[in-house]
Amino acid sequence: MDSTHFVLAPDAPFDFEGTAYSHGWVVLAPNAWDESSGTMHRVHRLATGRVVRLELRAGEGSRSGVAVRVEHRGRLPAADRRALEADVRHMFRLGEELRPFYALCRGRGRPWNRVCGGLGRLLRSPTLFEDTVKTLCTTNVQWGGTKRMVRGLVDAFGDPWPGDPSLRAFPSAEALAAVPAAEFDARTSLGYRSAYVRELAGRVASGHLDLEDLARSDRPTVELRDELLAIKGVGPYAAATLLMLVGRYDELAVDSVFREFVAEKYFAGERPSDAQARAVYDGWGEWKYLAYWFDLWEGVTEGL
DNA sequence: TTCCAGGGGTAGA
DNA sequence: TCTACCCATGGA
């Protein structure tokens with residue numbers, strides 16, 4: 001197995017571990033996190049069909065970015081390397097403009113100003129298709145179930161990495177769409193979500209739904225939300241999660257975690273209506289989701 | 001055994 | 001717009 005190394009430097013404050021471990025995505029297959037070395041692993045399929053394995057860790061030096069080690073078979077063409085750089089930059093949001101959010105945090109003093117050291121970049125997948133499938137697998141299920149369902153999809157239908165065929169990449173929409181429904185259901189345990197994932201894969205593979213175009217769009221959030229809500233299985237919670245993943249933070253993902261956290265912290269344990277709970281973050285404007293996330297995040301709430 | 005999870009679709013008002 | 005009911009699965 002050959003390997004290629006490069007470092008991606010951010011042009012703004014950046015915290016590698018704070019980004020990699022910003023939410024549960026880091027442990028959803030084919031991602032994995034090695035606590036002892038602070039390394040994220042990922043088996044990754046390029047558009048050319050080549051499957052490589054990535055080791056991602058903090059770069060060295062004052063402008064620490066993402067140090068990337070790519071394990072691959074044979075020569076890595078320049079086009080594949082450029083595609084990998086783009087994918088890693090996308091996953092870690094190295095080009096995302098967070099200065100307006102940092103300005104709000106700085107204005108609120110401690111502990112919010114800690115965010116300004118490079119937090120606020122929530123890890124995402126290289127494609128909105130992968131993120132949408134994973135989000136569908138978070139609905140009405142405990143986190144352990146989400147991990148089980150995503151692992152099952154990868155193991156059943158992902159392309160194997162030549163260095164260790166037991167390690168697989170996230171399956172493409174085309175790969176999932178090609179599986180007969182009965183076989184798909186038999187080889188996964190998605191429950192009623194199975195039909196949603198199969199329909200999504202079919203629409204993306206056939207070109208009827210261009211999620212990656214939606215992800216790049218600069219149209220108003222409300223228009224993107226309506227498009228996401230038109231996906232079977234995507235409701236208000238999933239749409240808000242997906243908006244966060246494409247860099248729109250003006251919608252809050254109201255789920256059981258949000259409801260319990262806001263009730264405990266702001267309503268003395270009494271359960272408020274969803275509207276009352278949402279109103280807690282009204283002052284954050286287009287940054288509500290990030291504000292909630294770091295409010296929830298262990299440590300940021302201390303001393304508030 | 002029963003309940004419910006990082007909800008959503010549908011029908012009916 | 002709101003509510004009631006149903007949806008598969010597996011952990012608690």
Side-chain angles (χ1 to χ4, degrees), chain A residues 20-29 31 33 122-125 128 130-157 176 179-203 209 211 222 224-246 248-266 271-281 288-298 300-301:
Chain A
Y21 221 86
S22 50
H23 64 136
W25 254 220
V26 73
V27 296
L28 285 187
N31 298 337
W33 177 251
L122 276 62
L123 186 70
R124 59 185 171 182
S125 304
L128 186 54
E130 180 176 336
D131 275 340
T132 305
V133 172
K134 287 179 171 176
T135 299
L136 287 174
C137 291
T138 68
T139 59
N140 197 25
V141 69
Q142 292 177 330
W143 182 243
T146 299
K147 289 192 284 187
R148 174 185 54 77
M149 287 189 276
V150 175
R151 166 60 64 193
L153 280 168
V154 168
D155 286 348
F157 306 119
L176 293 183
V179 181
E183 180 187 346
F184 189 97
D185 292 351
R187 296 179 66 187
T188 57
S189 299
L190 296 180
Y192 63 86
R193 302 166 198 81
S194 180
Y196 300 151
V197 172
R198 282 191 285 104
E199 179 175 326
L200 175 70
R203 289 180 64 200
L209 176 62
L211 285 175
V222 64
L224 303 187
R225 181 174 185 270
D226 285 345
E227 270 192 50
L228 291 167
L229 287 173
I231 299 170
K232 281 285 184 68
V234 174
Y237 152 79
T241 300
L242 291 168
L243 287 170
M244 173 277 283
L245 289 164
V246 302
R248 308 293 183 102
Y249 305 108
D250 24 359
E251 291 278 339
L252 289 161
V254 177
D255 58 9
S256 59
V257 174
F258 175 84
R259 292 188 178 99
E260 183 177 353
F261 169 73
V262 172
E264 288 299 319
K265 179 162 182 176
Y266 296 102
R271 183 59 58 87
S273 70
D274 285 353
Q276 290 173 313
R278 279 196 177 88
V280 168
Y281 298 97
K288 294 185 189 73
Y289 191 109
L290 285 182
Y292 155 59
W293 198 254
F294 285 97
D295 201 11
L296 174 70
W297 200 53
E298 189 178 331
V300 173
T301 57

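Every chain is numbered from 1 and lettered A, B, ... according to where its sequence line falls, protein lines coming before strand lines.
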Of residues 225-237 of chain A, the positions that come close to DNA chain C - non-hydrogen atoms, cut-off under 4.0 Å: none
P spacing across the pair B:dC4 / C:dA4, given as an integer number of angstrom: 16 Å
Can you tell me how far P in B:dG8 sits from the matching atom in C:dG11, rounded to whole Å? 22 Å
How many Å lie between NZ on A:Lys134 and P on B:dG6, as a whole number? 18 Å
Protein heavy-atom contacts under 4.0 Å, written 5' to 3' over nucleotides 1-6 of chain C as B (base), S (sugar-phosphate only) or - (none), form the string ------
Pairwise P distance, B:dG9 and C:dG10 [rounded to whole Å]: 22 Å
Kindly give the atom pairs (protein nitrogen or oxygen, nucleotide nitrogen or oxygen) under 3.5 Å for nucleotides 7-12 of chain C.
unit_1	atom_1	unit_2	atom_2	d
C:dA8	O4'	A:Tyr192	N	3.2

Pick base, sugar-phosphate or nothing for A:Tyr196, based on heavy-atom distances below 4.0 Å to the nucleic acid. sugar-phosphate
To the nearest Å, give me how far apart CZ (A:Arg259) and P (B:dC4) are. 14 Å
Looking at side-chain heavy atoms only, is the closest gap between A:Arg193 and A:Asn140 below 4.5 Å? yes
To the nearest Å, give me how far apart NZ (A:Lys147) and C1' (B:dA5) are. 14 Å
For A:Phe184 and A:Ser194 the tightest heavy-atom approach is CD2-OG, 3.3 Å
With under 30° as parallel and over 60° as perpendicular, where do the rings of A:Trp25 and A:His23 fit, or are they tilted in between? parallel
What distance separates A:Thr132 OG1 from A:Leu209 CG, expressed to the nearest 0.5 Å? 8.0 Å
What is the minimum heavy-atom distance between A:Arg271 and A:Ala263, and which atoms define it? NE-CB, 4.0 Å
Distance in angstrom units between A:His23 NE2 and B:dG6 P, rounded: 16 Å
Whole-Å gap separating P (B:dG6) and OH (A:Tyr289): 13 Å
The ring pair (Phe, Tyr, Trp, His ring centres under 6.0 Å) partners of A:Phe258 (sequence neighbours excluded) come to A:Tyr292
Quick check: closest heavy atoms across A:Ala20 and A:Trp33, and the distance to 0.1 Å? CB-CZ3, 3.7 Å
To the nearest Å, how far apart are A:Met149 CE and B:dA5 P? 14 Å
When rounded to whole Å, the CG to C1' distance for the pair A:Leu136 and B:dG6 reads 13 Å
For A:Thr146, enumerate each residue passing the side chain to side chain donor-acceptor pair (under 3.5 Å) test, keeping only those at least two apart in sequence or located in another chain. none
Examine B:dC4: is either OP1 or OP2 under 4.0 Å from a nitrogen or oxygen in the side chain of A:Ser256? Give yes or no. no
Across all chains, not counting sequence neighbours, the side-chain contact (heavy atoms from CB on, under 4.5 Å) partners of A:Ala239 are A:Arg225, A:Leu228, A:Leu229, A:Val234
Tell me the interatomic distance from A:Glu260, atom CD, to B:dC4, atom P, rounded to whole angstroms. 13 Å
Taking the side chain as every heavy atom from C-beta outward, state whether A:Val133 and A:Tyr196 have any pair of such atoms under 4.5 Å apart. no
B:dC3 to C:dC6 separation - C1' atoms, rounded to the nearest Å: 16 Å
Just call it for A:Ala238: base, sugar-phosphate, or nothing, with non-hydrogen atoms closer than 4.0 Å on any strand. sugar-phosphate
With a cut-off of 6.0 Å (strictly less than), are more than 12 heavy atoms of other residues, nucleotides or ligands near CD of A:Glu183? yes
NZ (A:Lys232) and CG (A:Leu136) are apart, to the nearest 0.5 Å, by 12.5 Å
